[in-house]
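Okay, structure first, notes after.
Just so we're on the same page: letters track the sequence lines, and every chain starts at 1.
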Amino acid sequence: MSVMITLPDGSQRQYPAPVRADQVAQDISPRLAEASIIAEIDGVLKDLDQLIEHDAAVRFHTFDSDAGKDVYWHSTAHLMAQAVKQLFPQVRIAIGPAIENGFYYDFDRDESFIDEELVLIENRMKELTASALPYQRKELSKAEAVQKFSAMDETYKIEILSEIPDGDTISTYQQGDFIDLCRGPHILDTSKIKAFKLLKTSGAYWRGDEKNKMLKRIYGISFPNNKLLNEYLRFLEEAKLRDHRKLGKDLDLFSINDEVGPGLVLWHPNGAMIRHLIEQYWKDEHIRHGYKLVYTPHIGRAQLWQTSGHLGYYKESMYAAMEVEGQDYYIKPMNCPFHLSVYKSNLHSYRDLPLRLGELGTVYRYERSGVLHGLMRVRGFTQDDAHIICTPEQLDDEVNDLIIFAFEMLRHFGFDKFLVYLSTMPDAAVGDPRDWETATESLRHALEKLGIEYEVDKGGGAFYGPKIDIKIKDALNRAWQCTTIQFDFNLPERFDMTYIGADNAQHRPFVIHRAILGSVERFFGTLLEFHAGNLPLWLCPVQLMILPITDSQIDYAKDLQKQFLARGWRAECDLRGEKIGYKIREAELKKIPYMCIVGKNEAESGNVTLRRHTRGDLGVMSIAQAMEMIQAEL
RNA sequence: GCUAAAUUAGCUCAGUGGUAGAGCAACUGAUUCGUAAUCAGUAGGUCGGGGGUUCAAAUCCCCCAUUUAGCUCCA
């Protein structure tokens, strides 16, 4: 008997059956064998010591692939758990998966792990990698598994086992004295783990449910060599420099002040200018795309929130009522009730639709204290909100245009990588399932027609409608939701919205709730991190800084400033009696895009020397040339 | 809200029971200089807030607030 192995390039190799997967890798090249983490056999990930008994398509995953990283990190999590169990035998183990950047393991222990203990654990892990302990897979029945983990008093494993159907085969992996319930696959042995670091500890609820016990989690990361580990650690350092909270302070853009209140943002002049430019662009674009702008109040009577249902299902995120003349008023957590009230204030014909009502609407939500985060998660924020009210026939066009509009706008700010999610009907939902179907398909078609890659979040929609979310990543690769496009089958009913159709009868319109930037605050935060503070020229609060070399050029500098201002550019002069090197340094640190250096030579010849932030000296040129160059970038 | 850590001058940080410190920034003066820091001087702090222990607290203990990293939840 022999087996035919087909490799990804189509080439084939014949072996006497059975053949171990890593033997194939070895024959392809010793380097591949060395770098291989797992084998993919007919599309299924397997351990490298897997015996192949039948003809199969085989490929190998190294650390370069997502699957390879995943297994590598998962195996490191097991290694860490082994070290923890050896050092702290009384600790119970819970779960330890690979995550986007590394791995974690949750432990049940009364005390938290302190930094000194992390070092101990790391050292023990190093010893264990030196022993090259093989990860040994064992398949057993559920009863055997329960018995085994009961004997070790690993109660969390028993709980996991209790949820696995009785007939299923269960696998465990053991390296040395450590055994874990695990589906696998894993790397061959612990010596494959070359470079690792335990990064941080935190609490984490068992099964992610805050009603459950809080376990102690250790996060870590590992790499096949020290170089990659050091690169990653450097990336973390650089991410700190891109942090919008640091940039906000350094560039004097905004602050959040203890006395004013947590999660409430003070926009300083520089930040306010950027925000103004964003909002101005936003308004212009919305008008161009057929939106009507509205303004609505910040508070509304209890009756309004009763009608909208917010007092029923959203109350815990709302600030407490304030009483005026015996009536309760609430500060708004959302703009929808107001926009829909605008719609309701008139009778509408199908000829009026679609109606797109937009507003930069400031809302206030009570967010639990632990979730606040710079500008990304605040308690008072401005949504770039709009509600599209349309007929069923208009749905597809509206959704299509909207998605194009959203990407167009995000790209205008420089963003080029997005995570797109389509969330479908949850178990508890309002509205006609046929409407859900129509709306979901409309969203899906639009994404597919435009060739946008997306993930489906099955059952992840709000109870009132399906949605598309677009997320943008921050400096640390954390994804923040910005754009959201949500159908609403709840509010049209609650507000009894209607339009008169061509048949002269009343119909219920569709309502799409959407925000493209999401909130101005969060968007601003992601924007700062994405550009590392070096905003596109059109958004810079100061676009040009004019730097005279000595006091003799002050008049010339001021004249230049006037010329730039006349073109609508934001230009300032640094007239302090400092040396040019110092002024340049300051302008560079403030990330001002263009510096105009003017000394005796420039003043006499009517030229400027231009310098571009991040690029350096651009040389001497005429004022007209400088203006042309700047204009070209705008 | 939960777990853990932190909070000292505008900023970044030192200071482990005995008179509150540095660098940068600010202010004043001198310097007028060619591509990332000129020199000198001055001023600036209820050591997050409150309570306690102590002869004595930035330092030890308790409560509260805020921040940070996660968890849960969300734009």
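Taking the ring axis of Phe338(A) as reference, the NZ or CZ atom of Lys332(A) stays within 45° of it and closer than 6.0 Å to the ring centre.
C47(B) is unpaired under the criterion used here, namely a Watson-Crick or G-U wobble arrangement in which both key atom distances are under 3.5 Å. Using Watson-Crick or G-U wobble geometry with both donor-acceptor distances under 3.5 Å, C74(B) finds no partner in any strand shown. When both pairing distances are held under 3.5 Å, U59(B) makes no Watson-Crick or G-U pair with any nucleotide shown. A 3.5 Å limit on both hydrogen-bonding distances identifies U42(B) as the Watson-Crick or G-U partner of A26(B). Pairing for U31(B) is absent, judged as Watson-Crick or G-U wobble with the two contacts each under 3.5 Å. In this structure A14(B) sits in no base pair that meets the Watson-Crick or G-U test at under 3.5 Å.
Nucleotide A37(B) holds its C1' atom 9 Å from the CD atom of Glu578(A), rounded to whole Å. Remark: C1' of U35(B) and CG of Asn601(A) are 14 Å apart, rounded to the nearest angstrom. Here the C1' atom of nucleotide G34(B) and the CD1 atom of Ile584(A) are 8 Å apart, to the nearest Å. Atom P of nucleotide A36(B) and atom CD1 of Ile592(A) are separated by 16 Å, given to the nearest angstrom. To the nearest angstrom, P of U3(B) lies 16 Å from CG of Asp106(A). Note: NZ (Lys249(A)) to P (A9(B)) measures 11 Å, nearest angstrom. Following rounding to the nearest Å, Glu586(A) (CD) and C33(B) (P) show an atom-to-atom distance of 20 Å.
For Ser112(A), counting side-chain heavy atoms from C-beta on, the closest listed nucleotide (A4(B), G34(B), A75(B)) is A4(B). Distance from the side chain of Asp551(A) is smallest for U32(B) among the nucleotides A65(B), U32(B), U35(B). Set against U35(B), U38(B), A75(B), the side chain of Lys579(A) has U38(B) as its closest nucleotide.
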Extract from the structure each pairing of a protein N or O with an N or O of nucleotides 42-45 of chain B at less than 3.5 Å, listing the distance.
none

Could you run down the sub-3.5 Å N/O contacts of the protein with nucleotides 70-74 of chain B?
residue, atom, partner, partner atom, Å
G70(B), OP1, Arg478(A), NH1, 3.2
G70(B), OP2, Arg478(A), NH1, 3.1
G70(B), O3', Tyr219(A), OH, 3.0
G70(B), O2', Ser202(A), OG, 2.5
G70(B), O2', Tyr219(A), OH, 2.8
C71(B), O4', Gly203(A), O, 3.3
C71(B), O2', Tyr205(A), N, 3.0
U72(B), O2', Glu210(A), OE2, 3.4
U72(B), O2, Arg368(A), NH1, 3.0
C73(B), O2, Arg377(A), NH1, 3.3
C73(B), O2, Arg377(A), NH2, 2.4
C73(B), N3, Arg377(A), NH1, 3.0
C74(B), O2, Arg377(A), NE, 3.4
C74(B), O2, Arg377(A), NH1, 3.4
C74(B), O2, Arg522(A), NH2, 3.2

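Residue Glu111(A) is out of contact with every strand shown, counting any heavy-atom pair closer than 4.0 Å.
In this structure a side-chain-to-backbone donor-acceptor pair under 3.5 Å is present from Lys157(A) to Ala94(A).
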